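Protein chains get the first letters and strands the later ones, always in sequence-line order, with residue 1 at the start of each. Fair warning: this is a prediction, and the values are worked out from it, not measured in the lab. Just the heavy atoms: all of them, side chains too, but no hydrogens, waters or symmetry mates, feed the values below.
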Amino acid sequence: MSQILPFTEANSKRVASLFRRALRTAYDHSMKFEAYRNTTIAVRQQFEANKHISDPTELEIAIKKTEEKLAEWKHPDPYIPPSRPGGTKFERNIPVKGKVIEEDW
Amino acid sequence: MYRSFLRSAALVRPSIKLSQQSIRFYVTQPITKDEVITRAFDALKTVATLQESKISLESSFQKDLGLDSLDTVEALVALEEEFDLEIPDKIADEIKTVGEAVNYIYEEEQKL
């Protein structure tokens, strides 16, 4: 093992996933883009504050705390891009498959 | 019918200001790869840590552009906002270079 334990790739992926979810939650909650930008900076600072953590148990606690905070801030009606699954425009005009029977009633 | 409408609109148009009287068509051309690339680069320029760096398709987020993992997430989220899509965690972890991100976005745009 070349890396110190808490800084493995798996852990950085976990933290990256948390950060991504935090950014999306911030996006859901801010009506204006400017407010969202400020929130992203605040979120980033909170993550940076835990940058030094090198103890695995401490890391688990920090991750658990973040999960709790994300659950607390979870938006009831999150933003879904219109053309993506679950969005308002998703599969609105799908081409009809097969043949339309016209005179065979 | 629509054609005739358009023609009549074209006839009426010169008397009114052109900029205000534009007809909106709801079918747009499919997005081209060049467009994806230019828009992606512009979006990446808005990320604070990428503002002064030279972005190319081959540059890797972490090695060439010198971002840490959270900066990479920020860059990808900036791309998501630009193209109005959501990159799932699994794929986002796989994306290492700007070119890979552009390819993924281009493929997703073709599916619409």
Side-chain angles (χ1 to χ4, degrees), chain A residues 3 6-28 30 32-53 59 62 66 70 75 78-95, chain B residues 24-31 35-36 39-40 42-51 60-63 65-97 100-101 104-112:
Chain A
Q3 284 170 309
F7 298 109
T8 54
E9 204 179 331
N11 274 338
S12 67
K13 269 181 190 172
R14 277 168 80 193
V15 176
S17 160
L18 283 177
F19 185 54
R20 195 174 296 120
R21 275 159 59 198
L23 288 185
R24 285 192 189 138
T25 313
Y27 189 77
D28 292 338
S30 27
K32 287 178 184 165
F33 215 69
E34 212 180 288
Y36 165 64
R37 279 279 173 257
N38 290 332
T39 323
T40 55
I41 294 166
V43 168
R44 183 68 199 254
Q45 276 169 354
Q46 288 175 48
F47 273 82
E48 292 282 347
N50 287 334
K51 205 177 178 180
H52 63 278
I53 291 180
L59 177 79
T66 319
L70 279 176
H75 200 276
Y79 172 74
I80 304 169
S83 319
R84 308 291 159 186
T88 48
K89 224 174 129 188
F90 180 60
E91 290 189 339
R92 194 183 271 182
N93 293 315
I94 24 175
Chain B
R24 183 164 173 186
F25 297 95
Y26 282 86
V27 176
T28 47
Q29 291 282 318
I31 196 165
E35 209 183 329
V36 173
R39 272 173 68 188
D42 284 348
L44 285 175
K45 286 275 178 205
T46 64
V47 180
T49 39
L50 280 177
Q51 265 164 5
S60 149
F61 285 116
Q62 307 211 353
K63 280 175 197 156
L65 299 173
L67 306 186
D68 61 22
S69 55
L70 293 191
D71 286 326
T72 316
V73 172
E74 269 188 27
L76 288 179
V77 170
L79 288 179
E80 285 179 11
E81 281 157 17
E82 171 66 24
F83 292 96
D84 213 10
L85 51 85
E86 224 164 78
I87 306 176
D89 271 2
K90 266 189 184 176
I91 295 160
D93 287 337
E94 298 294 309
I95 292 174
K96 296 273 189 280
T97 66
E100 281 170 20
Y104 174 75
I105 290 166
Y106 180 66
E107 275 162 30
E108 283 295 305
E109 289 289 328
Q110 296 318 104
K111 284 180 198 167
L112 292 185

Can you tell me which of Val77(B), Val73(B), Ile87(B) forms the most heavy-atom pairs within a distance under 4.5 Å of chain A?
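Looking at each of Val77(B), Val73(B), Ile87(B) in turn, Val73(B) comes out on top.
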
Residue among Leu85(B), Leu76(B), Leu70(B) with most heavy-atom pairs under 4.5 Å to chain A
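Option with the top pair count is Leu70(B).
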
Do any of residues 14-21 of chain A come closer than 4.5 Å to chain B, heavy atom to heavy atom, and if so which ones, in number order?
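Val15(A), Ala16(A), Ser17(A), Phe19(A), Arg20(A) fall under the 4.5 Å cut-off.
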
Does a salt bridge link Lys111(B) with Glu91(A), judged by any charged N lying under 4.0 Å from a carboxylate O?
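Salt bridge flag = no for Glu91(A) with Lys111(B).
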
Taking salt bridge (Lys or Arg N to Asp or Glu O under 4.0 Å) as the test, write out the residues that go with Glu35(B), two or more places apart.
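Partners of Glu35(B) under the salt bridge (Lys or Arg N to Asp or Glu O under 4.0 Å) test: none.
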
Excluding sequence neighbours, so at least two apart, what forms salt bridge (Lys or Arg N to Asp or Glu O under 4.0 Å) with Lys32(A)?
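Not a single residue meets the salt bridge (Lys or Arg N to Asp or Glu O under 4.0 Å) criterion with Lys32(A).
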
Please check: side-chain N/O of Thr72(B) versus main-chain N/O of Asp68(B), any donor-acceptor pairing under 3.5 Å?
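Between the backbone of Asp68(B) and the side chain of Thr72(B) there is a qualifying donor-acceptor contact (under 3.5 Å).
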
Is a side-chain N or O of Lys96(B) found less than 3.5 angstrom from the main chain of Asp93(B), in a donor-acceptor match?
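Yes.
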
Does atom CD of Glu34(A) have more than 12 heavy-atom neighbours from other groups under 6.0 Å away?
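No, the 6.0 Å shell around CD holds no more than 12 heavy atoms from other groups.
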
Heavy-atom distance under 4.5 Å to chain B: side chain of Tyr79(A), backbone, both or neither?
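For Tyr79(A), the contact with chain B is made by backbone and side chain together.
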
Could you work out, with side-chain hydrogen bond (donor to acceptor under 3.5 Å, both in side chains) as the rule, every residue matching Glu81(B), not counting sequence neighbours?
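Counting only residues at least two positions away or on another chain, Glu81(B) forms a side-chain hydrogen bond (donor to acceptor under 3.5 Å, both in side chains) with Tyr36(A), Arg37(A).
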
